[in-house]
J.: 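Before we start, here is the structure in question, set down as C-alpha cells.
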There are 2 protein chains.
Amino acid sequence: MKNAVRKQKEKDNLRQIIMDAARELFVTKGYEAVSMRKIAERIEYSPTTIYLYFEDKVDLMTQICEQTFAKLTRNIKAINRKIADPIEALRAGMHEYVNFGLRHPSHYLLLFNTRVPEEPRIAFAESNGKIAFETLREAVKACADAHKLSSKDVDLVSQTLWTGIHGVTSLLITQNHFPFVNRKKLIANAIDTMIDGAMK
Amino acid sequence: MKNAVRKQKEKDNLRQIIMDAARELFVTKGYEAVSMRKIAERIEYSPTTIYLYFEDKVDLMTQICEQTFAKLTRNIKAINRKIADPIEALRAGMHEYVNFGLRHPSHYLLLFNTRVPEEPRIAFAESNGKIAFETLREAVKACADAHKLSSKDVDLVSQTLWTGIHGVTSLLITQNHFPFVNRKKLIANAIDTMIDGAMK
DNA sequence: TCATTTACTTAACACTGTTAATATACATAA
DNA sequence: TTATGTATATTAACAGTGTTAAGTAAATGA
C-alpha cells in the first residue's frame, strides 16, 4: 500500500498524479484501450478513488486535453508575436498546429475526431480547443488587415484553413498504413496550397 | 420466435439482414453505442448467431463500410465520366466526397477517423476506401495531363486534396457544436481554395 | 473523549464482446 | 420409413468494462 509511488504523493496532489498516469496511458495505448482499473493499478489506488477527483472517464480525459491544448495555444501565440510578416506567422502557426497534433495524437483525436452527441463537458467558448482556433483566427485577421487575402470574410477563411490543417493532422494520425508521400513534404504542401489558394 | 421479421428471411440472406439492421443502428446511434446484443434483439436472433456470419463486431462494421464505399466510388466515377473539363470534374468529385461523408457519418468516421493500430482487416490495396481515393487520383491525373496544375507530382497533389476534403468532412461531422459559417459555403470555399492553390 | 469529517476501499450492478458446449432442424443415405 | 450427418441457432458462461452504494479507517475539531 505505502510504497515509492504512493510516498511521492504530498497532500492534495493526487489529482495531478492521476492525470499524469492517465495521460501517459492514453497517449501510448489510446483512450478506449485504457480502463479506469488500469489507471488505478498503475498509481496503486483503488479504481473508485479516481471518481473522488473526476466525474467519470470522459471528464478525466477532458481535463487532460485542456492542459494539453492550453500549451498549443501558448505555442501559437508565441509564434504570432515573434514573426512580423502576417502570412509567414500564419504559415508557421499552421505548421505548429499540425506538428502539435502529431506529437499528441490521442489528445488530438479525442478533441477533434470524436463525435460528441451530447453537450460538451466544457462550454465550448471557454475550451482550450476553441481558444487555439481563436489564436489561428487572429493570425488570419492580421493577414486580412494587411490586404493579403482575396476574401474579406475572416471567419470563412480561418475555418477553411482550420479544416485543411485538421485534415492532414487527422489522416496522418489515423491512416498510418496508407502509402503517404514524405510526411513533411505533404504537410508543407497542404499548408502552402491553402495559403496560396486564400491569397490567390 | 417465428414472426414477421424472421419470416422475411429466405434461405441464406440472414447475412444481409444482419448487415441491414446493423447499418441502421450504427448510423443512428454510432458504432460504440451499438452492442451485438442490440443488433441481435432487433432481428430477433440470439447474439451469438451473428458470429456465424461475421468474425466479430469490427468485421461486421467493416463489411458494411465496404458496401457503402463501393457506392461512393461508383458515384465519383460517374461524375468523372460525365464532366469533360478535368478541373470541373475534380471539383464535382470532391463535392461528392464531402457530401457522401456527411450522408454516411458513422461509416465515414469508422473508415477515416479511427486509429487502426493493428493491420487493417481488409488489405488496404483492395479496400473500397483506397479505391475511392484512387478514383480521386485519376481525376487529378487528368488535370495534370491537361497542364492545369502547377505541380507535376500527382501523388502529392491528390494526397493534399484528399487531406483537405477529409478535413471539412470530418470537422463538420464531429464538431457539430462549433459555430461554423454556412456549411455549403464552407465546403465550397474549402474545395475552391485548394483547387486554386493547386492550379496557382 | 466523543462526534464529525475526510480519504479511501470493498462489493456489487448492469453492461460489453466473445467462446464453448449444447440443442434443434433439415437433408441425405440405408 | 428410420438413421445419420450437417448446418444452424441457442444457452450459459468468462473476463472485462464504467460506475455507484455502502462501509471502513484515520484525521480533525469540540
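Letters A, B, ... are given to chains in the order of the sequence lines, protein chains preceding strands, and every chain is numbered from 1.
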J.: Grab the OH-P distance between B:Tyr45 and D:dT11 for me, whole Å please.
T.: 13 Å
J.: Compare every heavy atom of A:Asp59 with every heavy atom of A:Phe54, then report the nearest pair and how far apart it is.
T.: CA-OD2, 3.5 Å
J.: Whole Å only: how far is the CG atom of B:Leu52 from the C1' atom of C:dT24?
T.: 13 Å
J.: Between atom CD in A:Glu44 and atom C1' in C:dA7, what is the gap in whole Å?
T.: 17 Å
J.: What integer distance in Å separates B:Asn13:CG from D:dT8:C1'?
T.: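 The distance from CG of B:Asn13 to C1' of D:dT8 comes to 14 Å, rounded to the nearest Å.
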J.: How many Å lie between CD1 on B:Ile18 and P on D:dT8, as a whole number?
T.: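 These atoms are roughly 12 Å apart.
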J.: Distances for protein N/O vs nucleotides 14-17 of chain D N/O pairs under 3.5 angstrom?
T.:
unit_1: D:dT17; atom_1: OP1; unit_2: A:Ser35; atom_2: OG; d: 2.8

J.: Taking atom C1' of C:dG17 as reference, at what distance in whole Å does atom CG of B:Asp59 sit?
T.: 14 Å
J.: Tell me: CD1 of B:Ile50 to C1' of C:dT19, nearest whole Å?
T.: 15 Å
J.: I'd like a table of donor-acceptor pairs (distance under 3.5 Å, sequence neighbours excluded) in which one partner is a side-chain atom from residues 90-104 of chain B, with atom names and distances.
T.:
unit_1: B:Arg91; atom_1: NE; unit_2: B:Glu88; atom_2: OE1; d: 3.1
unit_1: B:Arg91; atom_1: NH1; unit_2: B:Asp192; atom_2: OD1; d: 2.7
unit_1: B:Arg91; atom_1: NH2; unit_2: B:Glu88; atom_2: OE2; d: 3.1
unit_1: B:Glu96; atom_1: OE2; unit_2: B:Asn75; atom_2: ND2; d: 3.0
unit_1: B:Glu96; atom_1: OE2; unit_2: B:Arg103; atom_2: NH2; d: 3.3
unit_1: B:Tyr97; atom_1: OH; unit_2: B:Tyr108; atom_2: OH; d: 2.8
unit_1: B:Tyr97; atom_1: OH; unit_2: B:Trp162; atom_2: NE1; d: 2.9
unit_1: B:Asn99; atom_1: ND2; unit_2: B:His95; atom_2: O; d: 3.1
unit_1: B:His104; atom_1: ND1; unit_2: B:Phe100; atom_2: O; d: 3.0

J.: Between the axis at one end of the helix from C:dT1-D:dA30 to C:dA30-D:dT1 and the axis at the other (five pairs apiece), what's the angle to 10 degrees?
T.: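 Result, rounded to 10 degrees: 30°.
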J.: Show the nearest heavy-atom pair for residues A:Ala144 and A:Leu149, with the distance to one decimal.
T.: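 Looking at all heavy atoms of both residues, the closest pair is N-CD1, 3.9 Å.
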J.: Residues in side-chain contact (heavy atoms from CB on, under 4.5 Å) with A:Ala70, at least two apart?
T.: A:Arg74, A:Asn128
J.: Is there a ring pair (Phe, Tyr, Trp, His ring centres under 6.0 Å) between B:Phe178 and A:Phe112 once you walk through the steps?
T.: CA-CA 11 Å; B:Phe178 184 87; A:Phe112 294 126; 9.2 Å; no
J.: With the side chain of B:Thr49 defined as its heavy atoms from C-beta on, choose the nearest nucleotide among D:dT10, C:dT10, C:dT18.
T.: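 The answer is D:dT10.
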J.: CD1 of B:Ile18 to CD1 of B:Ile50: how many Å apart, nearest 0.5 Å?
T.: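 Reported to 0.5 Å precision, the distance equals 5.5 Å.
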J.: Residues in side-chain contact (heavy atoms from CB on, under 4.5 Å) with A:Asp20, at least two apart?
T.: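 So A:Asp20 forms a side-chain contact (heavy atoms from CB on, under 4.5 Å) with A:Gln16, A:Arg23.
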J.: For B:Thr135 and B:Thr73, indicate whether the former's side chain and the latter's backbone hold a donor-acceptor pair under 3.5 Å.
T.: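 A pair under 3.5 Å: no.
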J.: Throw together a table of side-chain donor-acceptor distances under 3.5 angstrom for residues 28-40 of chain A, partners on residues two or more places apart or in other chains.
T.:
unit_1: A:Thr28; atom_1: OG1; unit_2: A:Glu24; atom_2: O; d: 2.9
unit_1: A:Thr28; atom_1: OG1; unit_2: A:Leu25; atom_2: O; d: 3.3
unit_1: A:Ser35; atom_1: OG; unit_2: A:Lys38; atom_2: N; d: 3.1

J.: Does C:dC8 have OP1 or OP2 sitting under 4.0 Å from an N or O in the side chain of A:Tyr51?
T.: no
J.: Suppose we call a contact any N or O donor and acceptor under 3.5 Å apart; does that hold for the side chain of A:Thr48 and the base of C:dT10?
T.: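 Checked by distance alone, the answer is yes.
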